[in-house]
Structures are given as C-alpha cells and as structure tokens.
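All chains are named by letter (A, B, ...) in the order of the sequence lines, taking the proteins before the strands, and each is independently numbered beginning at 1. Both backbone and side-chain heavy atoms feed into the values below; hydrogens, waters and symmetry mates do not.
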Amino acid sequence: MKSNAAAAAAFHEIADLLDVLGEKFKPEAYRRAARSIESLTEDLGAVAARDQLREIPGVGQAIEEKIREFLRDGTIPYLEKLRAEIPAGVVAMMRVEGLGPKTARKFWTDLGVESPNALLEAIDAGRLAGVKGFGPVKIAKIRTALGAAASSQSRRPLLQAALVAEQIVATLKERSPVTQIEIAGSFRRRRETVGDLDILVTSSEPEKVLDAFAALEGATIVLRGPTKETIRTRDGLQVDLRVLAPESFGAALQYFTGSKDHNVATRSLARDRGLKINEYFVVRGEERLPSSTEAEIYRSIGLPWIPPEIREARGEIEAARAGTLPVLLEPGDLVAELHLHVRPSDGAAELAALARSAGDAGLRTLGLIPGSHEEFDRLVAWAHGRSSPSIRVGWERPYGAELPKFSTAPAFHVLSANGLEPPAQADSEPLDPGSWVGHFGSDPDTPAGPERLAAWSRWAVAAKCPLELTPSPGYDGLDAVSARRLVEGGGAVVVSELGVGPERPRALAVGTARRAWITRSSVLNAAAWPGP
DNA sequence: GCCGTTTTCGGCCCGACTGTTTTCAGTCG
C-alpha cells in the first residue's frame, strides 16, 4: 500500500519511536510532515513525479528521501531500523494516560518492562515500589490507566462528540453563571473524529462554573485547579473546561482552536511584527493589545478572521494575507435537503409535519426516500402539487444494483457504496441523472479509510458524479480531505444533514464542507449551483 | 529534521497541573 495515509502512518510511527529515544525536536518534525501528507489533496506519487515533494510543508531533504524510498519500495529502512531497536510495546506504554516517553523509556531500560501488560505484572509483583519518582498515588494511577487503556477508545466520531457537547453546554448555561461559552479544539474545526472537548467560558463567578462542571451527571473529575478542570464522561470522553477573563477570551479561543500547525504559522507572523501571541493576550513589549475576540487577534497580525474549519495550515494563512479566503458554504445556502428517509409508519400528519419543519428551516425542496415500492407510490401521490417546500421522491440502492421498475422515475438516486471500492473504470456504470454516491463505510460504526475515500473522489471527478457529505464524515459521508480533492478536480457534492427538525442546526455536514474549502458553487443542493 | 522579507545556524510555545522531590520533573494540551 503506497497511499498518502500509509506514508503518513509510517512517519507518525517514526515520530513515536524517536519519542521513546528521547529525541527532542525530530518527533515533531516527522509529525508535522505526516500531518501535511494526510491533508494532501493529491497522491504523493504524483507530487514526487513532478519533483515537488519539498513544497509540502515540513518536508525537507531527509524526509523527501524517505518518501521516495517509501514510494519505491513500500518501506523505509530508517523505520525498520527503529522498529528493530525498540519493542512495539514500549510505544504502547507511552500511550497510556499519564505516561509519556520518559516514563515508558525508564520502565523499558531500568526494569526491562516492554509492554502495558508487562507493566501491569510488574506493578502487581511490587517491582515499582521504591523506584525513584513513583510513589503509591502515582502507581495506583498508572494501574487504573492501564485498565482503562484497554477499554476506552481514543477518538470518536464528530457526531457522537457533538451530542455530548450540546448536552454539556446546555447544562452549564442552565446551571451556572457562564457569560460566554464556546467549544474550541478539533471539534470547532469539525474534524472527522474528536479526541476530547475543550470548553472555554467566561464568568464573574468561576467557582460556580467549576462546581457545575464537576457535578455533571456521570462525570469523573480527572483534575481541578483554579482556572482549569478536566472530567471524563461516563463513556470515557475527556472534557476540559477553562475559565477565562473576558479580555482574554479571543486569545484563548484562537489558541485552543488550533490547529497546532495553524498556530505555529500565526505566531510566526506575530513575531515578524514584533508581537507575541499567547493563550491570554497579544503582547507588544509590555503592552497588552485587545484580545477579547478572535477578530482582534487576527487583526493584530494583519489578517482577516479565518474560519475555524480551515485552520489547518493548508493555505489559509496565505489566502487570508492575499485577501482571497473563500466564501465558505453557510447552513443558509442549502435550499434542499435531499436525504430524508421516511418510516413506513409515517402517515399524512407526520409527512405534513416534516414538510413544515423543512419550510421553517428555509428549505425550498425536500427529498424523501421511501423504504419500499408501495411507499414510493404513496409518497409520489402525496407529494404531487405540493410546494414550499416542493417534495421530490428518490430512491436509495447499493451502488451497481439494478433500479427496480417504477411507474414514475425517482427524482434522485442515492447510491450506497457500502464499504466497496469504486469501479476501476469511471464509465463502467451508466448513471441515472440525479445520482450521487454516499454511505462509504460498510456499516455505521466502521469508517471508510482515507484510501477508499480518496479512491471514490478520484473516481467521482472522472465519472462526473457528485458525492455526499453527511454529519458523519468518514463514516457514511465523505471526509474533508477527499471532498477538497473532489471539488479541486471540478467535482460537486451533495450536502445532507439527514434531518430537518431540531438536529438540523448542528450543521455538521456543512462543517465538513467548510473544512474542505467548499463554496456554494460546488454544492448540488445550494442556491447557486448551476443546475444538473 | 525543518526552516529563514531580521538567521544557512540556532531556534523549535509554554503555562497549568500533579505527585513527590524540599525546588522539580513529567505530562498534557
């Protein structure tokens, strides 16, 4: 496998192994290159063929050579050497909560402990007692973390995190004196998966907010200081809360939204202007510049405000500087929801309510998908002549499956990839007009990997077939990197929030579209789309 | 290992928090 994702994985692994060796700056250098490669909208092989690997941020001479080795042989000798030197379990130990490279290395070299399991045995055998730096509290914590490491997943799908986030924000607003509240981090950037939630608040009574946060149902307190508190929810999601002074809110929001690479770039711009940006203020010498809003932070470095979804150091700083930031898709740009499944039990009253919600949400067209032939006919009859919104009845079937005979042709076709790879030939399958492909994962819990999504977007460019974005990027819908690849190639997307009721304001599918630098002109169901 | 409209060498974010250590090291974000 010589995909971008596989190359990135190799560099991430090199970084982890170098961490164990105690290298100070190399791991970050390899990680930076890995992140750049992950967000590349082109195949690494194509970039190498043009001899432009060095243009990838974070790729210099040494990493360019390793990329070429990888593309040629599928392996990197340097990585092989490191693997031979360091047991894989030591990296796994480093991953355990509260353990880092120093500790993992110490256990390995001083105690001969080479894996999390071996560490557990060593603790039970009392071999950690008396080791310098490891008191009873720390040992107990490690023991707990070892138990948790096996069961808790690290990152979870965006949608799942959104449900938790909404709940927590609503509760804090209701039960504590918060003035401003915002979720920062990768959730705000609408990454496909979220590792933790970073909640920022301002309040005149911080203690009360911290208390309310600690009292959230099912919460376990991980740590609590005067300005910062961390809990773990019942299902294992870590949530950080930071209480800030209002004059620092913009600086903190910018700082904790990231991404890391974006912040490195903004800080370097600040340095060029004789400024420093930290999580509290923009500082010129001793002077604190206004830092209560993000716009002020960006203004101080001569930039317009940059939408959080594209803060990934993938050209947004340059675009902001040149005044060419894209006008990203907004929820209000969507004039149609084209992916709404109708339940067999939905009678005329329920359908009318759906239509009303859609109209209330500002939609001009609602696309309904029945589950059976009979329902199809019933819906077509019901939909006839309706307007504001007008109703279209479509059909969903696995990609490649034959379309059943209908008395009236479906208005649109959702073709489910269902975990399959795209056909090798773009034109192997004649597509009905009004077709697009979605459901890339094999089931709701299994995401399609970046390789498969990239393959579908390559296919879609050639086949001139739109692909679907949903609230579960990488799972049922396209991820942002592949979506950007698709529209850069001239392709289009259908943005489906999969609902018209209260869940619609979440706009997670729109978030993914924004992350992919998508403007409304590439969106089939947005106002400005030139038409099929 | 990467990077450079102040540097091709010398930087690379740094503050909060915890446990243990009596002044700090490690982790985390």
Side-chain angles (χ1 to χ4, degrees), chain A residues 11 14-15 17-19 21-36 53-67 76 78 82 93-107 128-142 144-145 154 184-188 194-200 210 221-230 232 238-244 248 251-252 254-283 302 313 321:
Chain A
F11 290 124
I14 289 176
L17 292 164
L18 290 174
D19 259 338
L21 294 184
E23 289 279 356
K24 194 85 182 84
F25 296 107
K26 285 186 191 183
E28 229 6 80
Y30 278 102
R31 284 197 185 98
R32 165 133 200 260
R35 287 193 298 267
S36 286
L53 289 173
R54 295 284 278 273
E55 317 233 320
I56 299 171
V59 175
Q61 187 188 333
I63 294 184
E64 178 188 11
E65 277 170 28
K66 291 179 179 70
I67 293 173
I76 301 170
Y78 183 58
L82 290 169
M93 271 200 293
M94 192 175 79
R95 289 273 157 65
V96 174
E97 171 101 58
L99 300 188
K102 298 266 167 58
T103 317
R105 180 175 168 78
K106 187 183 178 71
F107 289 156
L128 253 68
V131 176
K132 206 194 299 174
F134 294 87
V137 177
K138 193 176 260 185
I139 291 175
K141 278 202 162 183
I142 294 174
T144 310
S154 47
S186 55
F187 178 76
R188 185 159 180 250
V194 172
D196 60 9
L197 292 173
D198 291 301
I199 304 180
L200 307 181
L210 293 170
I221 301 175
V222 178
L223 64 84
R224 177 167 179 169
T227 64
K228 182 186 164 183
E229 184 171 3
T230 299
R232 196 170 285 283
Q238 183 175 311
V239 188
D240 296 338
L241 178 78
R242 288 182 168 80
V243 185
L244 298 145
S248 291
Q254 199 282 329
Y255 186 91
F256 288 109
T257 297
S259 68
K260 193 175 205 168
D261 294 330
H262 175 87
N263 284 355
V264 167
T266 52
R267 279 195 299 269
S268 131
L269 276 183
R271 202 181 47 224
D272 295 346
R273 295 177 154 238
L275 305 173
K276 279 185 89 152
I277 303 179
N278 60 32
E279 66 189 88
Y280 302 108
F281 291 103
V282 181
V283 183
R321 240 175 165 171

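Separating the C1' atom of B/dG10 from that of B/dT20 is a span of 35 Å, rounded to the nearest Å. Going from the P atom of B/dC13 to that of B/dC3 covers 14 Å, rounded to whole Å. Nucleotides B/dG29 and B/dT22 have their C1' atoms positioned 28 Å apart, rounded to a whole Å. Between B/dC12 and B/dT8, the distance separating the two C1' atoms is 16 Å to the nearest Å. Going from the P atom of B/dG11 to that of B/dT7 covers 14 Å, rounded to whole Å.
Considering only the side chain of A/Ala29, B/dG1 comes nearest among B/dG1, B/dC17, B/dG15. Taking only side-chain atoms of A/Tyr78, from C-beta outward, the nucleotide of B/dT27, B/dG1, B/dT20 with the closest atom is B/dG1. Nearest to the side chain of A/Tyr255, among B/dC17, B/dG26, B/dC13, sits B/dC13.
With contacts defined as side-chain heavy-atom distances shorter than 4.5 Å, the pair A/Phe256/A/Arg188 does not qualify.
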Interface polar pairs with nucleotides 3-10 of chain B, N/O, under 3.5 angstrom:
| residue | atom | partner | partner atom | Å |
| --- | --- | --- | --- | --- |
| B/dC3 | OP1 | A/Gly58 | N | 2.9 |

If you restrict it to nitrogen or oxygen atoms, what contacts under 3.5 Å exist between nucleotides 22-25 of chain B and the protein, and what is each distance?
none

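Nucleotide B/dT8 is matched to nothing when pairs are restricted to Watson-Crick or G-U wobble geometry with both distances under 3.5 angstrom.
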